[in-house]
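Throughout, numbering of the chain's residues begins at 1 and tracks the sequence. The structure presented is a predicted model; accordingly, all values stated were derived computationally and were not measured.
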Amino acid sequence: MLEMRKDIFADERDDNLNVIGKGLQRQDMPGHVTGRTRYFDDHAFDGMLHLKVVRSPHAHARIRSIDIAAAQRAPGVKRVLRGADVPVNKNTLLSLINFGKDDEPSLAVDKVSYKGEPVVAIIADSEAAALAARQLVRIDYDLLPNVFDVEEALKPGAPVVNETYPGNYFEYHQRYDHQKLRFGDVEKAFAQADMVLEHRYQMSPIEHAPTETNGSIAAPEQNGRFVVHSCAQGLFFALGTAAKIVDVESNRLHFIGGTVGGGFGGKVDALTEPLAVLGAMLTGKPVRFVLDREEEMLYGSPRGAERIYVKDGLMRDGRIVARSIRSYFDAGAYTRLSSYAAIKCTAHLPGPYWIPNVASDVYVAYTNRCPSTAMRGFGVTAVDFALEVQMDRLAEAANLDPMEFRVLNAYRDGDMKAHRRVAKNTALIECVQVVAEKANWPLSEQAKRQSSLTGGVGERALIPATPLDQRGQIGRPDTRNAPSSQVLPAGTARIPLSKQPVMEGDRDGRAKPTQVPRYESAQPIAALPPYQPAQTSNPPAPAYQPPPAYQPSPPPPAPPPAAPAQTQHGAVRFSSVFGTRRR
């Protein structure tokens, strides 16, 4: 039974919902239950042609030659497409918003970088004719060394998977090799911690397995326009991608979406629309391009594999004083959406917990796997799993109940987050209390009395002094373990995003990227005193105590103005990090 707990945010918002919890009929329900709902593949066209692609049998190989002569003469074949037939044969989805560099061909030309990469497209009168002609294409390959492990791919001398990114890592703003977060002094905190725990977590690629596979139908209209029936989850992304690849104005494409037969993130990459439109343009007839189930399962953009290392410094009373995270996203052979996933991952760290010292390095690595994409909370789902398993291990090490351990370390309103933003509308404590109540999980009276509305002030609201290093310089893997180059003084904050960005440089005729955000001194705040570890040997685990009430103190005198510090990183993140959290 759905239960609305309006008491938790009673003073912050109106929870009189209009839809949730009420027996309203969905608008699309009658069509679903009567079988009248129309999907993209329910649109029939006279004289419709069918497109199938020839895929690479190798994970990494140089293309020596392509022989399509026999396929062109096969019965029912209307057109055979190669990379040279694609007007703009290189793309990445996020380039539509000037993020990243185009790196993925629609049809491979010089080499293939993953097993299943499209090389040749066959357009024929029927699926059977296209499949038969596909067997007649002859491609001569020279096999190349391959790499399937994210950490191996980043080592010097590893096979180059993606020539656009020869270091096998995504370059943020053409300057930085990963997403980086620094807050406080983790190394000092580890040295003072009573216990340090480090574990590795590995996630495998996951196929979305929608009932309806990726597909689209493109057909000529009047006035040089084309209608496209698609199952894309992001219809305007698919339209923009297709217009770019076939090199036409977007107003010549009429994209029609509608009901998607399962997507979950696996239908955001426009896997079929550009070639279907190109086929319709070249043949003057409707063209249908639909992945069969084998193609969908093997080559239809899975959730990317992630490897996460979590290292925590823990005190005997259960407080986490330091957390260091090193994470690797397996992008596969091309970018697609992995670079955005790494941004979301960094924006979520260190989880819903107040930790005074945090450091993270999140890499996007290219391997000779199928390119990965979005899937249900990608960028956060895997790291959340890793962090919560780590929390259970930490609770066991501290000899504390795992529920109460989370209450002890949870964010409270007013806490300073590792991204230098004040935590608001936090509710982990209340969620734990409600879950414990429903599950009959015993909580101490102290834990039951805790609230996310109190305790997030004093030391918890301060920005600590933060050492900076030079990790992240492109072409300088040796600097990833370099010592600190400077220390940002306590209270140093980021320039507000509301300031007009300064533009610098451009590349390949695209829009100029924003300048790297810099740091400036905020209101003077006293530095945190160093934590002194307990001196007793093997003390019993103390009972959980609520944080003391905050007593305001007069502010210290303002320090003299400092020269602008060097930049820490260059990622202008399009995420919740630089904005108000949406409720």
Side-chain angles (χ1 to χ4, degrees), residues 150 178-184 186 189-190 193 195-204 206 303-315 318-330 338 340-364 375-398 400-412 415-421 423 425-433 435-436 447 452 456 460 573 575-577 581:
V150 285
H178 72 293
Q179 287 287 302
K180 169 178 164 181
L181 177 65
R182 297 292 186 272
F183 185 75
V186 292
F190 282 140
M195 292 173 279
V196 176
L197 283 79
E198 182 174 12
H199 292 280
R200 169 182 138 157
Y201 302 89
Q202 177 69 53
M203 286 62 177
S204 299
I206 302 175
R303 179 201 291 275
E306 299 175 40
R307 181 174 300 165
I308 303 165
Y309 295 88
V310 185
K311 180 180 179 180
D312 286 315
L314 183 68
M315 307 309 296
R319 290 178 299 116
I320 306 172
V321 294
R323 171 162 286 174
S324 176
I325 296 174
R326 183 162 47 95
S327 178
Y328 301 90
F329 280 79
D330 190 341
S338 296
Y340 176 46
I343 291 174
K344 290 179 63 182
C345 177
T346 304
H348 183 65
L349 300 176
Y353 306 104
W354 181 77
I355 301 174
N357 303 281
V358 179
S360 76
D361 297 282
V362 182
Y363 295 85
V364 174
M375 184 179 184
R376 290 299 186 191
F378 75 123
V380 175
T381 308
V383 75
D384 251 353
F385 168 78
L387 293 181
E388 292 308 316
V389 174
Q390 182 81 355
M391 292 296 288
D392 285 342
R393 286 171 161 168
L394 291 169
E396 182 178 3
L400 290 176
D401 176 271
M403 291 283 209
E404 302 214 9
F405 181 71
R406 285 167 168 82
V407 170
L408 171 63
N409 289 284
Y411 270 137
R412 290 167 166 80
D415 282 346
M416 181 58 63
K417 300 173 69 176
H419 309 92
R420 294 168 175 80
R421 290 293 183 271
N425 297 332
T426 60
L428 176 59
I429 293 175
E430 287 74 14
C431 287
V432 169
Q433 292 166 342
V435 168
S452 295
R460 297 171 66 111
R573 301 181 176 91
S575 70
S576 61
V577 178
R581 175 181 171 185

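Arg182 is listed as a side-chain neighbour of Asp361, based on a closest heavy-atom distance under 4.5 Å. Contact of the Leu394 side chain with the Ile320 side chain is registered, since non-hydrogen atoms from C-beta on lie closer than 4.5 Å. Proximity of Ile325 to Leu181: side-chain heavy atoms (C-beta onward) are nowhere separated by under 4.5 Å.
Other residues, nucleotides and ligands contribute at most 12 non-hydrogen atoms within 6.0 Å of the CD atom of Glu396.
Taken from CZ in Arg393 to NE2 in His199, the straight-line distance is 4.0 Å, to the nearest 0.5 Å. With rounding to the nearest 0.5 angstrom, the CD1 atom of Ile343 is 11.5 Å from the OG atom of Ser338. Put simply, OG1 on Thr426 and OH on Tyr353 are 12.5 Å apart, with the number rounded to the nearest 0.5 Å. For the atom pair His348 NE2 and Leu387 CG, the distance stands at 6.0 Å (nearest 0.5 Å). Taking CD from Glu198 and CD from Gln390, the interatomic distance works out to 8.5 Å, rounded to the nearest 0.5 Å.
Taking Ala382 as the reference, Met203, Glu306, Ile308 meet the side chain to side chain contact (heavy atoms under 4.5 Å, CB included) condition, with sequence neighbours excluded. Under the side chain to side chain contact (heavy atoms under 4.5 Å, CB included) criterion, Ala342 pairs with Tyr172, Gln179, Phe329, Val362, Val364, sequence neighbours left out. Listed by chain and residue number, nothing satisfies the ring pair (Phe, Tyr, Trp, His ring centres under 6.0 Å) test with Phe405 (two or more places apart in sequence, or in another chain). Remark: Ala397 engages Met195, Leu197, Leu314 in a side chain to side chain contact (heavy atoms under 4.5 Å, CB included) (not counting sequence neighbours). The side-chain hydrogen bond (donor to acceptor under 3.5 Å, both in side chains) test applied to Ser360 returns no partner, not counting sequence neighbours. Considering only residues two or more places apart in sequence or on other chains, Arg326 meets the salt bridge (charged side-chain N to carboxylate O under 4.0 Å, His left out) condition with Glu151. Residues satisfying the side-chain hydrogen bond (donor to acceptor under 3.5 Å, both in side chains) test with Arg376, not counting sequence neighbours, are none. Every residue two or more places apart in sequence or in another chain was checked for a side-chain hydrogen bond (donor to acceptor under 3.5 Å, both in side chains) with Ser327, and none qualifies. Partners of Asp392 under the salt bridge (charged side-chain N to carboxylate O under 4.0 Å, His left out) rule, at least two apart in sequence or in another chain, are Arg406. Residues passing the side chain to side chain contact (heavy atoms under 4.5 Å, CB included) test with Ile206 are Arg303, Met375, sequence neighbours excluded. Under the rule for a side-chain hydrogen bond (donor to acceptor under 3.5 Å, both in side chains), Asn357 has no partner lying at least two apart in sequence or in another chain.
Between Phe385 and Tyr201, the ring-plane angle classifies as perpendicular under the 30° and 60° cut-offs. Relative orientation of the Tyr363 and His178 rings is parallel, given thresholds of 30° and 60° on the angle between their planes.
Closest approach of Phe190 and Ala322 over heavy atoms only: CE2-CB, 3.7 Å. Of all the heavy atoms in Arg323 and Pro350, the pair that sits closest is NH1-O, 3.0 Å. Pairing each heavy atom of Ser452 with each of Leu428, the nearest pair is OG-N, 4.0 Å. In this structure, Ala410 and Ile429 approach most closely via the heavy-atom pair CB-CG1, 3.7 Å. Here the shortest heavy-atom pairing between Ala341 and Phe378 reads CB-CD1, 3.4 Å. In terms of heavy-atom proximity, Ala418 sits nearest to Tyr411 at N-OH, 4.0 Å.
One N or O on the side chain of Trp354 and one on the backbone of Arg460 form a donor-acceptor pair closer than 3.5 Å. At least one donor-acceptor pair under 3.5 Å links the side chain of His419 to the backbone N or O of Thr346.
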Trace of the side chain to side chain contact (heavy atoms under 4.5 Å, CB included) decision for Leu400 with Leu408: CA-CA 10 Å; Leu400 290 176; Leu408 171 63; 4.3 Å; yes
